[in-house]
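Encoded as C-alpha cells, the structure appears first; notes follow it.
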2 protein chains.
Amino acid sequence: MRNILIIGAGRSATSLIQYILDKSEEQDLLVTIGDISIQNAKRLAGGHPNAEAYVLDIHNDQDRRNAIKDSDIVISMLPARYHIEVARDCLEFGKNLVTASYVSDEMQSLHRKVEAKGLVFMNEIGVDPGIDHMSAMQVIDRIRDGGGKMLMFESFTGGLVAPESDDNLWNYKFTWNPRNVVLAGQGGAAEFIQEGTYKYIPYHRLFRRTEFLEIEGYGRFEAYANRNSLKYRKIYGLEDILTLYRGTIRRVGFSKAWNIFVQLGMTDDSYIIPNSEELSYRQFVNLFLPYSPTDSVELKLRHNLKIDQDDLMWDKLVELDIFNKQKKIGIKEATPAMALQKILMDKWTLKEHEKDMIVMYHKFGYELEGKKKQIDSYMVIKGEDQTYTAMAKTVGLPVAIAALKILNGEITTPGVLRPIAKEIYEPILKELEEHGVTFNEHFADYLGYNPEGVGG
Amino acid sequence: MRNILIIGAGRSATSLIQYILDKSEEQDLLVTIGDISIQNAKRLAGGHPNAEAYVLDIHNDQDRRNAIKDSDIVISMLPARYHIEVARDCLEFGKNLVTASYVSDEMQSLHRKVEAKGLVFMNEIGVDPGIDHMSAMQVIDRIRDGGGKMLMFESFTGGLVAPESDDNLWNYKFTWNPRNVVLAGQGGAAEFIQEGTYKYIPYHRLFRRTEFLEIEGYGRFEAYANRNSLKYRKIYGLEDILTLYRGTIRRVGFSKAWNIFVQLGMTDDSYIIPNSEELSYRQFVNLFLPYSPTDSVELKLRHNLKIDQDDLMWDKLVELDIFNKQKKIGIKEATPAMALQKILMDKWTLKEHEKDMIVMYHKFGYELEGKKKQIDSYMVIKGEDQTYTAMAKTVGLPVAIAALKILNGEITTPGVLRPIAKEIYEPILKELEEHGVTFNEHFADYLGYNPEGVGG
C-alpha cells in the first residue's frame, strides 16, 4: 500500500480526507493522519480500515521526520508558517508535497533543489489561492490560444453564509478564521492597475471603494480590493495587461458598515487596552470617541461618523449589541481587534446546521480580431453542514485530487509550483466538475471603463 | 582652558554655539566643534579665537573616541539615533553628556553605570522635549508644594511661521525637518486619558479631533493629539491624574486640510511609486483616486472626499499647485510621503529673511482647599532670521545653559536624566528668562469638561 501522510486534521481537512478515503480501496492507499490532537485525527479517520490516526507534534523533529520518511507523499494542512519545516524534510527524504497555502519566500527558495531532485512541491491548490488560479488560467490560456490579447483581468472571492442560513443585517457570518476577517486589508495600501494607471487605496479608505457584482439567482454582491493585485501580472504572465484587480466579496452594504469599525480604530491589533477583561461593550466603543460628561455613546458615535438618524448602518451596529453596558469583553490584554472579534463572534458564529457558501467571480477583457470582448465566469458552492463546509470542500478537493495525481505520476513537472500550467489545471478542474465545482460563463462585448463614451 | 566638545553643527546648533562662545572668555572655555562638514563647523565657529572647527565623522571610532577623550564635557547635537555611540564613549572616558533628544531605551539602559561613575547624562533639554518639561514641572511642583492636587495636565507645542512671514492659506511653513512633519502621527493610535477614561485616536482620524487654543495677541490655534501622552504620568509623577493630553499646535484650519492628504494615502511612507521621478503632481494625486476615462482629477477628489464647492480647503490645495500637469515629482523611487514633501517644499520653505515662531501652551487643572482651579501658561518665541531661528534658540539655549552648569558643578545629580527635578529646572528657567524665554500665566476656576453642568 502507498502511504499518504496528512499532517493537520483541522476543519479544512474534512472533505480532503473523505475524498482520499473513498479512493483508498481502489487505489491501494494507507491514509496516515497526524495531528497534535488525537481526537481531531480520529474523528476524520472515522474508523476507516485504510486510515491510521495518531498524535503528531510537528515541533518534535524526530517524530515529524520519521513520519515523513515513512510516507510516499505528504499533504500539509498546517497553518502556513509551519509548512517550511515539513518542506525541508520532504526535500531531504525525497518526498512530494502538497499544500493549500501561498508560496512563502522560504518555500520559493527551495525551488532549485526541489527541481534538481525531481520532486513536486505543489502549493496554492486550495480555493483562494487554488481554484482561482486554475479557473482563471484556463480561460486566459483559451483566450490567448485563440489569438486574443488580454486587456483586463479582475478576480473576486468571498467566503460567505449561504442564503438559507443568512439571518442577520450584515448578511455575513464567520466561515473561516475570524481573526483574519477582522484584520483583513491591514499592513499597507491596496495596489492595483486600471487602464494602465496605478491605483492605491489606504486601509482606512478600502471599505469605501467597493464595486458591485451580480450573480443570477444570488443577487448582488460587493467587493473591496485585496492588498497586492500586481504580483499576479508575473504569476499569470499578464505583464502588460492594462487592468488587474483582485478583491474580496461581501454582500452589499457590509463594507460601508464595516468601515465604521475601521474609522473608529477598532480593528487595530497593535496595542493592548488597559483592563480589557472588565470592559463592557459600551465602554469599549467609548474608548474611540471624545470624552463627554453628558452626551451618550450613541450620539457621539453618530456625530463623529456623521451617521444619519435613518441610516441602516445604525441597525447593523445595534444588532451586534455594541452599546450593551453589561456584556464584558472578557479577554485579558486584548487589543481592539481581539475585543471586536469577541463582539462579532457572539452574533456571527455559524450554528451546527447552518451552511456556508463560497463565491468566486472572474472578469476577462480581451481583444480578438479587432473587437473587444468580455467573459464573466463565476462559481457558487454551498456547504452541506458545519463539517462538510463549502470552504472545506473547495480547499480540500483540489488538494486531494492533486496529491493522487502526483502520487500516480500524472503530474510530474518538478519544482516549487502553483497550479497555473495546463497539464496541472486541466485534469484537476475536470475532476472538480464531477464534484459540483463548476463555473458559469457569460459572454459580452468588453465595455471597459467608458461604456457610453461620455465626458471629456 | 576647559574643552567643550560640540558634535554636530547643523541648523539647530547656531544659538547654542553663540551662547557658549559669548561666555568662553569669562568662563575660560575652548569650544571644539566637530561636524562631518567642515563648512558647517567653520560657519558656526565664526572665526572666534576660543573656537576650533574640524571634521568629525562619528562613524570613525578612532576619531570619535579621541575627541571625546580630550574633552571636559560633550554636547551631542547629532540625529537622535547616533547619541548612543557617543554616550558609550562618554561613559568609558568619564565625561558628562548633554543632548536635546528623547531618552532611547538604549540610553536609559546605561543609567546605573552612569550613576555609579557619578556622571550626568542630561537629555530632553531642548524645547519639546525640554522647555516643556521644565516649565510644566515648575508649575506642577508649585501646585503640589502649595497643597494642591493635580486633576488635569494638557500640554501643546508647535513650530510655526511667525505672523509677519505668514503668507499662505495654510498659515504654515516648514521650520524643522519637513519629513517629520509629513509623517507626524504615524505608527499607531494616539493614546491619552480624559477624566479617568482612556481614549484612542487612529492616525486616519487624528486630524479631525483637534481642540482650540487662544493666545492674546496671537489669536486662535488648534492642536491634534500626540501619539503617547500616557508615559508622562510616570515621568511627571502624575500617576493618578484624571486628564493627561499632549498635542501639536497648528493654526486653525490646517488639520482639516491636512486630513485630505491622510485620507487619500499621500502620507504613506511604506511603498515606492513606480516611475515616481517622471510623475506630474496631477498624476501623483490621481494615484489615490478611482479610475475614470472622463472625469477630472479635481472632480474625483471633491467627490471622493465630499469637499463642497465653496470649502476653503479647496483653495489650500490649489495654492499648492497639486493639479499641475507639468511639474514633476523628480525623485527616483519616491514613496507617497516623499512625493508629498516635495510638493509642499515648493510652497512651505522659509525664505532667508523670514521668521519662525515656537508656541507652547500648558493647562493645569487642580484642586486646592476644596476648590477647583486652573492655570494656563504659554510661551511664544519668534526667530530673528533663518540662522537664529526660534527653533535654534529654544533648543540650543537650554542645552548650552545646562552644559555650563554641569561643567561648573552646579548640576551634579548623576544618571541618565531629564530636566524634571527642581535643582535642574529652576536655575535654567531663570537664565532662559534673561534671554526672553518667558511664560505668561492666566488663572481661572477649573471648569473641567462639563462647565455648564448640562445633560444627563
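Quick note: numbers below take in every heavy atom, side chains included, and nothing from hydrogens, waters or symmetry partners. Per chain, numbering begins at 1; letters A, B, ... match sequence-line order. Being a predicted model, the structure only gives us computed values, none of them experimental.
No more than 12 heavy atoms of other residues, nucleotides or ligands shown are found within 6.0 angstrom of CD on A:Glu333. A 6.0 Å sphere centred on NZ of B:Lys373 holds no more than 12 heavy atoms belonging to other residues, nucleotides or ligands. In B:Lys332, the NZ atom is not crowded: 12 or fewer heavy atoms of neighbouring residues, nucleotides or ligands sit closer than 6.0 Å.
For B:Arg246 and B:Phe192, the positive end is not near the middle of the six-membered ring at less than 6.0 Å and at most 45° from its axis. For B:Arg282 and B:Phe323, the positive end is not near the middle of the six-membered ring at less than 6.0 Å and at most 45° from its axis.
In this structure, a donor-acceptor pair under 3.5 Å is present between the side chains of A:Ser255 and A:Glu222. Between the side chains of B:Tyr203 and B:Thr267, at least one donor N or O lies within less than 3.5 Å of an accepting N or O.
In this structure, chain A has no heavy atom under 4.5 Å from any part of B:Asn275. Both the backbone and the side chain of B:Leu287 come within contact range of chain A, with heavy atoms under 4.5 Å apart. For B:Tyr198, the parts lying under 4.5 angstrom from a heavy atom of chain A are both the backbone and the side chain.
Of residues 181-191 of chain B, those residues lying under 4.5 Å from chain A by any heavy-atom pair are B:Ala189, B:Glu191. By a heavy-atom distance cut of under 4.5 Å, B:Val262, B:Gln263, B:Leu264, B:Gly265 are the residues of residues 256-266 of chain B near chain A, going up by number.
Using a cutoff of 4.0 Å between basic side-chain nitrogens and carboxylate oxygens, B:Glu239 and B:Arg233 are not scored as salt-bridged.
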Candidate pair A:Asp321 and A:Lys327, rule salt bridge (charged side-chain N to carboxylate O under 4.0 Å, His left out), full reasoning
CA-CA 9 Å; A:Asp321 215 6; A:Lys327 289 187 187 171; 2.7 Å; yes
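Ring centroid separation for the pair B:Tyr245 and B:Phe153 does not come in under the 6.0 Å cut-off.
Checked options B:Arg209, B:Arg205, B:Arg208; the residue passing with A:Asn304 is B:Arg205 (criterion: side chain to side chain donor-acceptor pair (under 3.5 Å)).
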